[in-house]
A.B. asks: 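Before I ask anything, let me first share the structure, which is written out below as structure tokens.
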Amino acid sequence: MLPTPSTSHVSFDNVYEPAEDSFLLLDTLSSPSETAFLHEKFNNSSADHSEETTQNSSVPLVLEVGTGSGVVLAFVAANANAILGRKDLLTLGTDINNFACRASAKTVQTAITEAPNISSHGYFLGVVNADLTSSIRPASVDILIFNPPYVPTAELPSLSLHDDYNRISYENKTTIFERDSHLLSLSYAGGVDGMEITNKLLEQLPDILQPERGVAYILLCAQNKPNEVKERVRLWGSSWAVKTVGYSGKQAGWEKLQVIRIWKKPSLGDKCPIAGKDPSV
Amino acid sequence: MKILTLNFLTCARKACKAEPAAFPLHPRDAELEIVEAELNTEFLRNVLPRVEWEALRVVTEELGLPSLPNVAPEPDAIFPAASTAAAATANETPANPAPTQLLQDLHHLLLETTILSGKLVCGNCGHEYAVKEGIANFLLPSHLV
């Protein structure tokens, strides 16, 4: 089992504390089936060791949206070799909460520094204070990870005072309490079906993912109606695929939480080993 | 944030997304810090295909750092002749050839130079994003979203 990064420096008064959902992402990303999938897509020392080891694929970029404490991004950065089968990796995070940006930057840096093998970890680009992927260059993300605010709520948190709350210090205790409540609500409150923020991210996904090898891991809870979410992704077209790749918290036959993987399938024209099976014929 | 990070960022305004002028963001009044890192030839070899050379060249110039060649150099000009392939297959101490000056410069620029504070300016709409303590703030006022 791969070690869980330390978040002991993080103040959980205003940053989401790693919980069952975070750990489900760690377990999913390091599960035998996902590491096999990711190795196949990104491993750069292919089975053919004979020569050509210099013909590596370019470094993948991992973006975590809404890093919170940073535990998930740090886990991937520190265990790049085990998860992806390559030592080189770029990691980048975004969070709407400035406190979370600072906390997660430290979490990732610490995890990388403490990784047992200095050459087997990702290179950390930083965390930017942003709304979802709004500031990320299109078509640049190879692996996107999102643990969204998925709890159904009557409405989304108002952002009218966000700029004030997002600043670092307050003297007044009442204001600190209001600020922290606001910032924490951004980490869980998902509006209708708990899907309002996730739907925004899903809309951005086709533009932001690298068109050939992009993959996204998104956590959903049962109230998000995961089957409907997957059906909607299938409507994007035949080049997209979606699958549930991690579960936790079985309750009376219902999965409480799950991780779905959304990815671009390699185009059929490139790889069709069996003659006569080309569906375009 | 690292200089390399700018390679993956763009203006957060929807109207700018498709505009070529929104990339790269232009650093202004930047306070830089050098954080030393170990030279990793293999990493640089695999990261360079992802770097938009012209954007990197512009940013480097705007930061007042030593200028880069106008055109992206061929890998042969950057990486030492004795390729890592030979070293990787021979499972013994690889005979590391001395890194080229260009390789060292790129390492220093991409991996060791960080923006501590300043602004990032969109070349399309002119919006300025503040960078404080290494963290850029891309949150827009509601009328610009």
Side-chain angles (χ1 to χ4, degrees), chain A residues 44-45 49-61 63 86-90 92-102 104-105 109 118-119 122-142 158-160 162-163 166-168 204 207-208 210, chain B residues 1-14 16-18 22-25 35 37-38 40-52 55 75 79 83-89 91 110-111 114-115 120 122 129-142 144-145:
Chain A
N44 67 0
S45 54
H49 291 291
S50 53
E51 36 195 290
E52 298 309 315
T53 40
T54 56
Q55 293 299 311
N56 293 336
S57 59
S58 61
V59 179
L61 172 67
L63 172 73
R86 62 187 298 155
K87 293 171 177 176
D88 54 346
L89 183 70
L90 296 167
L92 177 64
T94 72
D95 203 294
I96 195 168
N97 172 352
N98 189 31
F99 294 84
C101 293
R102 288 151 186 274
S104 51
Q109 256 145 12
I118 197 84
S119 62
Y123 180 76
F124 181 46
L125 292 171
V127 180
V128 296
N129 193 192
D131 182 12
L132 301 176
T133 69
S134 62
S135 61
I136 306 298
R137 204 170 135 221
S140 63
V141 177
D142 294 292
S158 161
L159 291 175
S160 58
H162 184 74
D163 270 359
N166 207 25
R167 287 201 203 114
I168 291 312
Q204 298 172 353
D207 289 331
I208 220 73
Q210 206 281 343
Chain B
M1 65 190 287
K2 308 289 196 299
I3 300 296
L4 183 57
T5 313
L6 288 175
N7 192 64
F8 301 103
L9 297 176
T10 179
C11 183
R13 291 181 71 175
K14 257 198 184 127
C16 288
K17 277 270 151 161
F23 175 83
L25 296 168
V35 182
E38 207 174 316
N40 185 335
T41 308
E42 195 61 16
F43 178 81
L44 278 163
R45 187 192 294 277
N46 294 338
V47 90
L48 279 175
R50 301 209 56 157
V51 172
E52 295 291 333
F79 300 101
S83 84
T84 48
T89 44
N91 228 350
L110 290 172
L111 306 184
T114 67
I115 302 180
L120 299 173
C122 173
Y129 299 96
V131 184
K132 283 178 190 161
E133 295 176 54
I135 294 173
N137 181 346
F138 284 99
L139 299 174
L140 293 164
S142 54
L144 289 181
V145 174

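In what follows, every chain begins at residue 1, and chains take the letters A, B, ... in the order their sequences are listed.
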A.B. asks: Answer with side chain, backbone, both or neither: which region of A:Ile96 has an atom nearer than 4.5 Å to a non-hydrogen atom of chain B?
C.D. replies: both
A.B. asks: Given B:Leu120 and B:Val131, is the side-chain contact (heavy atoms from CB on, under 4.5 Å) satisfied, shown in steps?
C.D. replies: CA-CA 7 Å; B:Leu120 299 173; B:Val131 184; 3.9 Å; yes
A.B. asks: Hey, which of B:Leu111, B:Leu4, B:Val47 has the most heavy atom pairs under 4.5 Å with chain A?
C.D. replies: B:Leu111
A.B. asks: Have a look at B:Ile135 and tell me which of A:Val128, A:Val127, A:Asn129 forms a side chain to side chain contact (heavy atoms under 4.5 Å, CB included) with it.
C.D. replies: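 The side chain to side chain contact (heavy atoms under 4.5 Å, CB included) with B:Ile135 is passed solely by A:Asn129 among A:Val128, A:Val127, A:Asn129.
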A.B. asks: Heavy-atom distance under 4.5 Å to chain A: side chain of B:Leu110, backbone, both or neither?
C.D. replies: backbone
A.B. asks: Just verifying a value: how many Å separate B:Thr5 OG1 and B:Ile115 CD1, rounded to the nearest 0.5 Å?
C.D. replies: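 It comes to 8.0 Å.
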A.B. asks: Given heavy-atom pairs under 4.5 angstrom as the criterion, report whether the side chain, backbone, both or neither of A:Thr133 touches chain B.
C.D. replies: backbone
A.B. asks: At a 4.5 Å cut-off on heavy atoms, which part of A:Leu90 comes close to chain B: side chain, backbone, both, or neither?
C.D. replies: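 For A:Leu90, the side chain is the part near chain B, not the backbone.
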A.B. asks: Output the option from B:Ala136, B:Pro49, B:Pro141 having the highest count of non-hydrogen pairs under 4.5 Å with chain A.
C.D. replies: B:Ala136
A.B. asks: Looking at B:Leu48, B:Asn7, B:Leu140, which one has more heavy-atom pairs under 4.5 Å with chain A than the rest?
C.D. replies: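 Heavy-atom pair counts peak at B:Asn7.
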A.B. asks: With sequence neighbours left out, what residues match B:Arg50 under salt bridge (charged side-chain N to carboxylate O under 4.0 Å, His left out)?
C.D. replies: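 For B:Arg50, the residues satisfying salt bridge (charged side-chain N to carboxylate O under 4.0 Å, His left out) (neighbours in sequence not counted) are A:Asp142.
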A.B. asks: Tell me whether A:Asn166 contacts the main-chain N or O of A:Asn98 through its side chain, where contact means a donor paired with an acceptor under 3.5 Å.
C.D. replies: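 Answer holds: yes.
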A.B. asks: Who passes side-chain hydrogen bond (donor to acceptor under 3.5 Å, both in side chains) against A:Gln109, sequence neighbours left out?
C.D. replies: none
A.B. asks: Should A:Arg137 and B:Glu52 count as an ion pair when the cut-off is N to O under 4.0 Å?
C.D. replies: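 Judged by the 4.0 Å cut-off on N to carboxylate O distance, A:Arg137 and B:Glu52 do form a salt bridge.
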A.B. asks: Which answer fits A:Leu92, side chain, backbone, both or neither, if we ask what part of it has an atom under 4.5 Å from a heavy atom of chain B?
C.D. replies: side chain
A.B. asks: Measure B:Phe23 against the heavy atoms of chain A and call it side chain, backbone, both or neither at under 4.5 Å.
C.D. replies: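 The side chain, not the backbone.
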